[in-house]
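Data first, discussion second: the structure below is written as structure tokens.
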Amino acid sequence: MNTTSFFSDMLQSIAERGRRFLSLGPARNGDVNPVGTMEALCDTLLSSRGEASGMALAKNILDRWQGFDQDKRRDFMLALLSRFGPDIERLERAIDAYRADPTPKALLEMSMAAEPRRQELIRRLNLAPNGIATLVRMRADLLELKAQNPDLEAVDTDFAHLFGSWFNRGFLVLRPISWSTPADILEKIIRYEAVHHIGGWDELRRRLAPEDRRCFAFFHPQLVDDPLIFVEVALTREMPPNIADLLKEDRAPIRATDATTAVFYSISNCQEGLRGISFGNFLIKQVVEDLRRDLPRLDTFVTLSPVPGFADWLSRERQAETSNALSAADRSRLAALDEPDWADQPEIAAAIQPSLTAAAAWYFLRARNRNGKTVDPVARFHLGNGARLERINFLGDRSERAMRQAHGLMVNYLYKLDDIETNHEAFATRGEVVAAPAIRRLIPADRSSRSLVPGPNVFPPGVRSADAPGRKGDKEFTS
């Protein structure tokens with residue numbers, strides 16, 4: 001018997017006994033104040049001491065939540081914000097006590113008093129059968145509601161804090177996904193693919209069945225049939241410049257033992273409710289370890305990644321009165337981007353390429369958002385994991401979405417195993433972008449040393465050459 005299934009069935013049985021004991025039922029249409037009823041149930045759950053009754057209450061609350069429309073869900077989240085924060089009187093007493101006598105015991109009491117009541121409520125809701133799955137969906141709704149109600153950031157912080165513990169790497173299980181994986185999981189792989197659309201079962205088979213293809217996913221013990229994140233891998237003999245060659249129907253597969261390069265060409269987060277909970281970096285590192293163990297000839301690990309924010313950034317630079325990223329000649333050449341079929345005209349594409357790739361180099365190496373961080377989210381992910389920016393690929397993806405988001409650009413990030421920790425520290429602590437010299441040379445010399453004025457699109461970053469000499473094994477820094 002499946003252990004997780006047995007445990008879930010046991011929890012369901014306990015909850016049903018508690019439900020009968022408390023005579024709890026689902027929400028009824030005649031309830032004139034369903035959100036108020038939910039608040040009362042939450043208060044009862046927080047004061048409950050019985051295991052069966054607690055599970056029953058938690059299940060009843062989550063069942064009612066799932067029956068709410070979006071307005072009632074918003075009102076309930078606002079109630080969590082206003083009614084289930086810290087106990088202010090207890091917190092004030094704890095602060096006064098610590099000021100009078102700053103002992104470890106007083107500090108502990110102050111810390112406990114500062115915790116919002118809703119954190120304990122969320123913990124208790126997790127006791128319900130399938131509670132964690134419902135809470136993940138609940139946070140997905142919360143993220144949408146937060147866009148219209150910024151004050152809900154406090155509630156989201158509590159969810160994220162608890163999820164960071166519950167979805168810790170120590171609880172996650174890495175499983176290979178193959179053509180023999182159960183169909184219900186394969187259906188979810190098709191549905192969750194967020195980078196390169198999977199058109200159906202035949203296309204999925206081409207990504208999973210050949211000897212030179214791999215797929216891995218992280219699962220949580222309480223979500224055994226629902227992946228959290230997955231990565232698709234192509235085994236090749238070289239670093240690929242475009243996605244079409246990897247995915248075309250008539251390509252000739254190679255033997256896995258002949259491959260020297262592992263290409264991570266799609267990484268998809270599956271659960272919107274886990275946005276911002278970081279485990280993608282663990283996924284890549286674990287997959288690299290597994291691949292190296294099974295295929296010792298592999299010596300190069302790269303991505304073929306999208307550039308989702310580039311087109312919007314470039315549009316702003318083209319429209320700005322002045323731009324450090326673009327010269328007058330660049331602006332003139334890039335005007336052809338406004339023609340819908342420019343990529344199909346070789347002469348126009350060839351004229352655009354130098355200016356477009358130079359602008360992309362600036363985008364990665366010099367552009368920063370208002371928080372001083374690298375603009376592109378995919379770059380932040382891979383650079384933060386210790387990769388280096390290796391190559392910019394002109395028209396690497398001709399799909400409609402890639403042309404709209406990045407004018408067809410793709411990039412390769414190289415995971416050089418000996419340098420990962422050094423690269424990570426450079427990016428995480430000093431904001432330095434480790435890049436191949438060829439990319440740095442894409443920025444014309446007359447602009448590479450131009451001083452930057454902090455503004456909405458550009459902040460002075462650190463840029464590091466991956467191959468330049470330096471002291472104590474470090475690299476040369478330029479800005």
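In this chain, residues are counted from 1 in sequence order.
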May I ask you to test the [X]-[Y] pair for a side-chain heavy-atom distance under 4.5 Å?
X: E232; Y: H196; answer: no
X: W313; Y: V307; answer: no
X: F264; Y: V288; answer: yes
X: P240; Y: D245; answer: no
X: T261; Y: V263; answer: yes
X: L395; Y: Q353; answer: no

Report yes or no: is the cationic atom of R139 (NZ for Lys, CZ for Arg) closer than 6.0 Å to the six-membered ring centre of F159, at no more than 45° off its axis? no
M410: which of I243, I392, T303 passes side chain to side chain contact (heavy atoms under 4.5 Å, CB included): I243
Checking side chain to side chain contact (heavy atoms under 4.5 Å, CB included) between T374 and each of V433, L389, N369, which is the one that passes? V433
Side-chain donor-acceptor pair under 3.5 Å between S315 and D312, yes or no? no
Do N393 and N412 pair up side chain to side chain, a donor and an acceptor below 3.5 Å, judged on atom types alone? yes
Sidechain-backbone polar pair: N385 side chain, A387 backbone, donor-acceptor under 3.5 Å: no
With ring pair (Phe, Tyr, Trp, His ring centres under 6.0 Å) as the test, pick out the partner of H220 among F163, F167, W166, F279. F167
